[in-house]
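Ligands are counted one by one from 1 in listed order, and the atoms in each one are counted from 1 as well. Not measured: the values here are computed from a predicted model.
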Amino acid sequence: MRIKKIIAENLSEGKVLIKKELGEDAIILSTRNIKNSETGKDTIEIVAAIDEKIKNIPKVESKSRTEVQEIEKGKIDSLIESINYPLLRYLDNNLSEKYLYLKKLGFDETFIGPSLQALSKSNNLDISENDLLNSIISRIKIENLFQKRISRKIYGFVGPSGVGKSSTLLKFAVIHKIMNSSNVLVIGANNHNFGANDLLAAYCKMLDLNFEKAGSEEELNRLIENKKAYDLILIDFDSKSKYTNTNLENILILPVNSTKNYLLTKLNEYSSSYIGLTGLDEKFEIQPIIELLINKNLTFCFYTNGSNIPDDIELADVSGIKKMILSNG
Ligand SMILES: Nc1nc2c(ncn2[C@@H]2O[C@H](COP(=O)(O)OP(=O)(O)OP(=O)(O)O)[C@@H](O)[C@H]2O)c(=O)[nH]1
Ligand SMILES: [Mg+2]
């Protein structure tokens with residue numbers, strides 16, 4: 001700290017002298033009125049000080065309100081961008097375009113990241129957006145379960161409650177009966193919901209389908225064992241059923257309008273060979289299930305888009321899936 005004492009005619013002249021000697025940041029410690037011993041005039045004695053450390057701190061440029069607002073807006077914009085497009089800053093121009101395209105279509109970073117990595121590794125960076133989407137769809141396993149099989153087939157319809165298991169089973173049964181002249185048996189094994197088997201029996205009667213009821217796992221075993229004359233047996237389970245049989249292949253019915261977490265939980269809960277989706281006549285996003293079908297190597301078979309039996313069921317196919325993905329873009 002430097003301290004300076006000066007004598008001036010008045011306070012304002014003294015302040016000017018202090019600033020000249022010590023600089024703008026000087027602070028006045030004391031002032032005292034004294035008489036000049038030679039001239040007898042009234043003068044003022046000022047003691048001031050400056051902290052050298054403060055003096056050496058570089059001055060901060062003051063910014064106008066608009067400048068500050070612009071800086072803040074820039075920061076917020078880049079923060080929003082890094083939240084919405086977290087991978088963008090790590091990608092070169094070519095990959096950024098593809099990233100933004102897949103993002104626009106509704107895919108998640110956890111899916112886009114590895115897809116772009118694979119693209120980069122395969123040195124296929126010139127691929128068009130359309131081909132990129134086709135290559136993603138080609139990774140989905142699709143199987144046509146409407147085709148007639150040579151051997152007897154037994155399918156169980158499993159899944160959460162109220163997702164459309166029974167109605168999908170009925171659509172599936174009628175399609176096989178009409179298209180393939182299959183000899184179909186429907187087995188009601190929903191022993192959790194009161195009256196569910198009776199309701200299914202009534203539907204089967206209306207649709208001219210053969211029906212049997214299995215009130216227990218033993219009864220179901222017996223029916224599977226004995227009903228060899230049927231070339232297609234379809235079993236309607238309840239959401240709690242965990243029945244297994246080596247002759248049985250399960251079709252897991254899931255509502256398309258679901259979050260990724262819900263779909264993941266249900267995939268872990270039910271063992272199944274195939275996936276069927278319901279509710280495609282309502283608002284939905286197909287991307288979460290597409291990502292899971294690919295990542296979990298599941299087999300997608302059909303989807304339903306309404307309650308009409310048997311009309312509102314479609315086979316899963318590449319062009320249908322593409323249309324669904326693009327309708328979100
Ligand atoms: N809009 C629409 N409704 C559907 C579709 N699939 C099924 N439903 C309706 O969803 C409701 C439930 O269907 P169910 O077949 O009884 O469902 P579930 O899974 O067997 O139900 P629980 O046996 O009670 O577990 C019914 O009213 C069906 O008509 C679909 O694709 N779109
Ligand atoms: Mg049911």
| request: Can you confirm whether something in the protein, heavy atoms only, sits under 4.0 Å from atom 27 (O) of ligand 1? | output: no
| query | Within less than 4.0 angstrom of ligand 1, does D312 place any heavy atom? | reply | no
| field | side chain to side chain donor-acceptor pair (under 3.5 Å) partners of E249, counting only residues at least two apart | value | K153, Y274
| query | Do you see a protein non-hydrogen atom under 4.0 Å from atom 5 (C) of ligand 1? | reply | yes
| field | contact_flag D238 ligand 1 heavy-atom lt 4.0 Å | value | no
| Part of S239 with heavy atoms under 4.0 Å of ligand 1, whether side chain, backbone, both or neither | neither
| query | Taking both backbone and side-chain atoms of T168, is any N or O found less than 3.5 Å from an N or O belonging to ligand 1? | reply | no
| query | Going by distance only, is there an N or O of G162 that falls short of 3.5 Å from an N or O of ligand 1? | reply | yes
| Shortest heavy-atom approach to atom 16 (O) of ligand 1 - which of G276, S307, S166 | S166
| field | Basic-acidic side-chain contact under 4.0 Å: K41, E38 | value | no
| Residue portion contacting ligand 1 (non-hydrogen atoms closer than 4.0 Å) for T304 | both
| note | Per-atom filter on ligand 1: closer than 4.0 angstrom to a heavy atom of N193 are 24 (O)
| message | Looking at K103 and E109, is any side-chain nitrogen of the basic one under 4.0 Å from a carboxylate oxygen of the acidic one? | response | yes
| field | Shell of protein N/O/S atoms around the Mg ion (ligand 2), taken as anything under 2.8 Å | value | S166 OG
| said: For atom 13 (O) of ligand 1, which of the options G159, G306, G164, G279 provides the nearest non-hydrogen atom? | reply: G164
| task | Give the residue and atom name of whichever protein heavy atom lies nearest to atom 1 (N) of ligand 1, and the separation in Å to one decimal. | result | D281 OD2, 2.7 Å
| Which of the atoms in ligand 1, numbered in the order shown and given with their element, are less than 4.0 Å from a heavy-atom of N190? | 23 (O)
| note | Quick note on ligand 1: atoms under 4.0 Å from a heavy atom of S161 include exactly 25 (O)
| Charged N to carboxylate O under 4.0 angstrom, R149 versus D231? | no
| said: ring-ring contact (aromatic ring centres under 6.0 Å, His included) for F211 and Y203? Distances and angles first, verdict last. | reply: CA-CA 10 Å; F211 177 84; Y203 268 111; over 10 Å; no
